[in-house]
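Written out below as structure tokens is the structure these notes cover.
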Amino acid sequence: MKVQTNSSQTMTYREALRAGIEQCLNDDERTFLMGEDVGRYGGCYGVSKGLFEHYGAERIIDTPLCESGFVGVGIGAALGGMRPIVEVMTVNFSLLAMDQIVNSAATLRHMSGGQLNVPIVIRMACGAGLQLAAQHSHSWENLYAHIPGLKVLSPATHNDARYMLLQAIQDPDPVLIFEHVMLLNNQGEVFNAPDADMEKALVRKQGTDITLITYGGSLPKVLMAASALDTLNINVEVVDLRCLRPLDNHTILASVKKTHRAIIIDEGWKTGSLAGEISAIIMEQAFWYLDAPVQRICTQEVPIPYPSHLEQAALPQVEQIIRCATTLFAGEQ
Amino acid sequence: MNDKLHLDKAHLLAQLKQMLRIRLFEEKCAELYAQEKIRGFLHLYIGEEAVAVGVMAALSPEDNIVATYREHGHALARGLSMKSVLAEMYGRTNGCSKGRGGSMHLFDKKQHFYGGNAIVGGGLPLATGLAMANKQLKKSAIAVCFFGEGAVAEGEFHEAMNLAVLWQLPILFICENNGYAMGTALALSESEINIAKKAQSYGMPAQQVDGMNVVNVEAATTKAVQHVRSYQQPYFLECQTYRFRGHSSFDGQLYRDKAEIEQWKKHGPVKQLKHWLIQNHQLSDSDFNGIESEIKQEIIEAINFAEQGQWEPVEDLCKDVYSPATPKINIKAEQGGLA
């Protein structure tokens, strides 16, 4: 981690996540980190490396392999006055804890008539690209974004990796954070404060001709496509959703009303995807502003395959985004 | 009736009243359900009263309770008012969960009563987490988790047992073994039907208790609570009991003999204690009638309270999904966009 003079630091996404966890642990004694191999092992993806040695076994808690059990314990501890950060190794394993997340964390406030709240943060790795095949590569943010009572965050930048956890742990309700595995090793800038409220979408690149809407691990691909499209005289605006529930409709719609075209890039499968939801929002609320049909670029409808060429063929790619955008302007060129 | 518990007449009469209160309340609920005043599912606690009443008597007001969807009895025994419980079942805003939960989701934060959980086994990790919070925050409170024997087949049961012992958490597990998971008898769903033995295999003290005898339940709980509080360790009681009614309002009870039900009714918890008190000249028929009419009056008042409760306006439909907005942390002046 090297310190820069202009009040920003360059570090990996992994280091930014770790710095966020450290601040949460330092700020509030009620906060602890719990999950499979988060302590002595240093975290499956190395995010919590070194924390066990510094904070000790009471605050960095290694759990047995029982996702429903330890996520449920985290929810109970939150009810009891703690501020737990629970790491589920990957979103794929979170399905074993889905009962606790959906039936307990998301419902307790409502079922109790507002008496209780569940200030828990559940972090999990997500996404494909490491050739981990069909049980370690999926993107199910949309399953959780479907559930009232949850908040769902997808930090795509280093600054969001650094600060979204802090915002989430201060939230009185359950927050899920999805950390895309392909971002972990990337170097990027971290500033001395968050970019925005965690529930706000941000325009990461201003443009006038078309809006590319994305989140999480797809943002770097979209920004690359945007640069390429600029050279083709298509001036792209990029919206980073950041928060998948609640969605910041205002920012999405403001951009589409300005550019009159939209493509949604989403690593989930197209059927039942977040991309479908956003497309419907645009259709319902900005239909008359559109100059072209809303497009979706999603993962192919197949469990993620192991060989690299097939895995990459399944996922949204930069070339695909460029091709899709240029097609929307084909009649005008 | 049992060892080491100092019981006087007043206490036994209070326990009898508490059990009778639950019994008469539940019988009235069945009527109100037939009248369609209460809707949804209705799981009655009739026959099992000694468990909730015996356990609650041994707890402190700050202890955390997690119960199941058959929890009217637990709520009443814990101290939730009958009015607020019935109003909840009516779905009115003066109910203990403002009408949002209904029969299966009774909550009361002030009484540390954390539901009202209707996913079988789901309450076990929650209660274990409450115990963890109590331990970390160095509170003297313990967590008490009620669940049926049906939950024992769930993975969450075993995960919670393991975590509670592994992390030495102050929690008391109360298995209410009424013999049937809905309509499936214990022997048809478990390879080992001695549930206390299963708990012991995780390394915690566990025992079977006659769950039809309120004094036995209170005695065993008192001992268990002492252990949990002083050693900060889990403890497990398997209370063997029986529900006299069906699983819920939709149960034809095709899976068990009437003779079996009659056999269990012979030593029902209310009947048993009443008989003992009368035999020992501690209770007369007129005393009993007096208790009964007090309860009936309480029930009438609860019905009036529930009937007068308001329906929540539809405009408030989406209330209490999220907490009210809280002050936000500072955001940096310049945006961190990448462009």
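Order of the sequence lines fixes the chain letters, A, B, ..., with proteins taken first and strands second; residue numbering starts at 1 for each chain. Keep in mind that what you see is a predicted model, and the values were worked out from it rather than measured.
Among A/Asp173, A/Asp171, A/Asn117, the one residue that satisfies the side chain to side chain contact (heavy atoms under 4.5 Å, CB included) test with B/Tyr322 is A/Asp173.
Here the CG atom belonging to A/Leu116 is positioned 10.5 Å from the CG atom belonging to B/Asp320, to the nearest 0.5 angstrom. Here the straight-line distance linking atom CG of A/Leu79 with atom CG of B/Asn64 works out to 9.0 Å at 0.5 Å rounding. To the nearest 0.5 Å, the span separating CE on B/Met104 from CE on A/Met111 amounts to 9.5 Å. Atom OH of B/Tyr114 is separated from atom CD of A/Gln115 by 10.0 Å, given to the nearest 0.5 angstrom.
For A/Phe93, the CZ atom sits in a packed shell: over 12 heavy atoms of surrounding residues, nucleotides or ligands are nearer than 6.0 Å. Atom CD of A/Glu29 sits in a sparse spot, with 12 or fewer heavy atoms from other residues, nucleotides or ligands closer than 6.0 Å. For CE of A/Met98, the number of neighbouring non-hydrogen atoms (other residues, nucleotides, ligands) closer than 6.0 Å is greater than 12. A 6.0 Å sphere centred on NE2 of B/His158 holds more than 12 heavy atoms belonging to other residues, nucleotides or ligands.
Heavy atoms of A/Ser104 lying under 4.5 Å from chain B belong exclusively to its side chain. If you measure heavy-atom distances from A/Leu65 to chain B, you find no contacts under 4.5 Å at all. Proximity to chain A (any heavy atom under 4.5 Å) is shown, for B/Lys135, by neither the backbone nor the side chain. If you measure heavy-atom distances from B/Leu166 to chain A, the contacts under 4.5 Å come from the side chain alone. For A/Glu58, the part lying under 4.5 angstrom from a heavy atom of chain B is the backbone only. Of the atoms belonging to A/Glu237, not a single heavy atom falls under 4.5 Å from chain B. The part of A/Ile147 that comes within reach of chain B is its backbone (N, CA, C, O), which places non-hydrogen atoms under 4.5 angstrom from that chain. In this structure, chain A has a heavy atom under 4.5 Å from the backbone of B/Cys96, while its side chain stays farther away. In this structure, the portions of B/Leu130 lying under 4.5 Å from any heavy atom of chain A include both its backbone and its side chain. When heavy atoms are compared at a cutoff of 4.5 Å, A/Thr63 approaches chain B by way of both its backbone and its side chain.
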Handout entry: Audit row: A/Cys66, B/Asn162, side chain to side chain contact (heavy atoms under 4.5 Å, CB included) steps and yes/no
Key = CA-CA 10 Å; A/Cys66 54; B/Asn162 182 45; 5.5 Å; no

Practice task
Using the side chain to side chain contact (heavy atoms under 4.5 Å, CB included) rule, take A/Leu96 and B/Glu159 through it: C-alpha gap first, then chi angles, then the decisive distance, then the call.
Solution key: CA-CA 12 Å; A/Leu96 292 159; B/Glu159 295 183 11; over 6 Å; no

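Between chain B and the residues A/Ala78, A/Gly81, A/Gly114, the largest count of heavy-atom pairs under 4.5 Å involves A/Gly114. Contacts with chain B were tallied for A/Ser227, A/Ser112, A/Ala226; A/Ser112 has the most, counting heavy-atom pairs under 4.5 Å. If you tally non-hydrogen atom pairs under 4.5 Å between each of B/Ala141, B/Gly129, B/Ala118 and chain A, the highest count goes to B/Gly129. Taking chain A as the reference chain and counting heavy-atom pairs below 4.5 Å, the highest number among B/Ala131, B/Ala133, B/Ala127, B/Gly102 is found for B/Ala133. Contact tally against chain A (heavy-atom pairs below 4.5 Å) for B/Gly155, B/Ala160, B/Gly101, B/Gly122: the top residue is B/Gly122.
In this structure, B/Pro125 and A/Gln100 approach most closely via the heavy-atom pair CG-NE2, 3.7 Å. Here the closest heavy-atom approach between residue A/Pro64 and residue B/Leu163 is recorded as CD-CD2, 3.3 Å. Summarising the geometry of B/Lys98 relative to A/Gly113, their closest heavy-atom pair is NZ-O, 2.9 Å, with the distance given to 0.1 Å. Pairing each heavy atom of A/Ile61 with each of B/Gln136, the nearest pair is CD1-NE2, 3.9 Å.
Within the 4.5 Å cutoff, no side-chain heavy atoms of B/His105 are placed close to those of A/Thr107. Within the 4.5 Å cutoff, side-chain heavy atoms of A/Arg109 are placed close to those of B/Ser323.
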